[in-house]
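The basis for the numbers below is simple: all heavy atoms, side chains too, and nothing from hydrogens, waters or symmetry mates.
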Amino acid sequence: MAFRKKFAPRRKFCRFCADKELPLNYKNPEVLRDFVTERGKIIARRITGTCAKHQRELTREIKRARQMALMIYTANHDSTVKKKSTI
């Protein structure tokens with residue numbers, strides 16, 4: 001018995017090709033945050049649907065925004081340091 005898919009996956013498209021007015025630069029971190037996980041990793045283009053050209057530009061601009069301290073490199077870690085017990 002063959003199983004059929006219940007839904008067709010939505011067609012992915014490049015947001016930057018569809019909307020030419022959408023700025024892609026490091027000075028606009030609100031747009032760049034949509035392409036970064038909460039841990040700070042850049043999301044792959046096969047997941048986001050961006051084209052290869054814009055994914056390269058997006059990666060470059062995310063790295064620039066990180067360098068300018070507009071975005072985080074990694075998630076915030078627990079600042080408490082566990083000390084070794086002195087026995």
Side-chain angles (χ1 to χ4, degrees):
M1 186 162 84
F3 293 102
R4 292 186 175 226
K5 292 184 178 180
K6 294 184 181 182
F7 64 93
R10 198 177 77 183
R11 177 98 171 118
K12 295 178 185 172
F13 64 96
C14 180
R15 284 176 47 184
F16 303 103
C17 289
D19 185 11
K20 300 290 184 187
E21 299 299 319
L22 188 62
L24 181 56
N25 58 8
Y26 71 94
K27 297 176 186 175
N28 195 1
E30 295 84 26
V31 174
L32 300 178
R33 283 194 186 105
D34 294 338
F35 298 94
V36 178
T37 64
E38 65 274 356
R39 301 284 311 248
K41 296 173 77 176
I42 299 172
I43 301 174
R45 61 181 284 246
R46 63 183 168 82
I47 297 170
T48 61
T50 55
C51 64
K53 173 187 171 185
H54 286 115
Q55 182 68 26
R56 287 191 299 268
E57 291 179 22
L58 183 69
T59 302
R60 185 180 329 118
E61 297 302 323
I62 288 173
K63 290 177 181 179
R64 284 181 181 167
R66 286 174 175 168
Q67 189 71 27
M68 298 296 288
L70 299 174
M71 293 181 68
I72 60 169
Y73 279 97
T74 59
N76 296 334
H77 298 288
D78 190 15
S79 62
T80 58
V81 178
K82 295 181 180 179
K83 296 180 181 179
K84 292 181 179 179
S85 61
T86 56
I87 298 178

Which value, rounded to the nearest 0.5 Å, describes the distance between [X] atom [atom1] and [Y] atom [atom2]?
X: L32; Y: I42; atom1: CG; atom2: CD1; answer: 9.5 Å
X: K12; Y: T48; atom1: NZ; atom2: OG1; answer: 7.5 Å
X: I62; Y: K41; atom1: CD1; atom2: NZ; answer: 13.5 Å
X: E57; Y: T59; atom1: CD; atom2: OG1; answer: 10.0 Å
X: R66; Y: K63; atom1: CZ; atom2: NZ; answer: 8.0 Å
X: H54; Y: R56; atom1: NE2; atom2: CZ; answer: 10.0 Å

For the student: nearest non-hydrogen atoms of R33 and L70, plus distance: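 Looks like NH2-O, 3.4 Å.
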Note, E61 side chain near L58 side chain (heavy atom, < 4.5 Å):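 Side chain of E61 against side chain of L58, heavy atoms only: no contact under 4.5 Å found.
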Same apolar cluster: F35 and M71, side chain cutoff 4.5 Å: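 As far as the 4.5 Å side-chain criterion goes, M71 and F35 are connected within one cluster.
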Indicate every side-chain donor-acceptor pair of residues 15-30 with a distance under 3.5 Å to a residue at least two apart or in another chain.
{"residue": "R15", "atom": "NH1", "partner": "D34", "partner atom": "OD2", "Å": "3.2"}
{"residue": "D19", "atom": "OD1", "partner": "E21", "partner atom": "N", "Å": "3.3"}

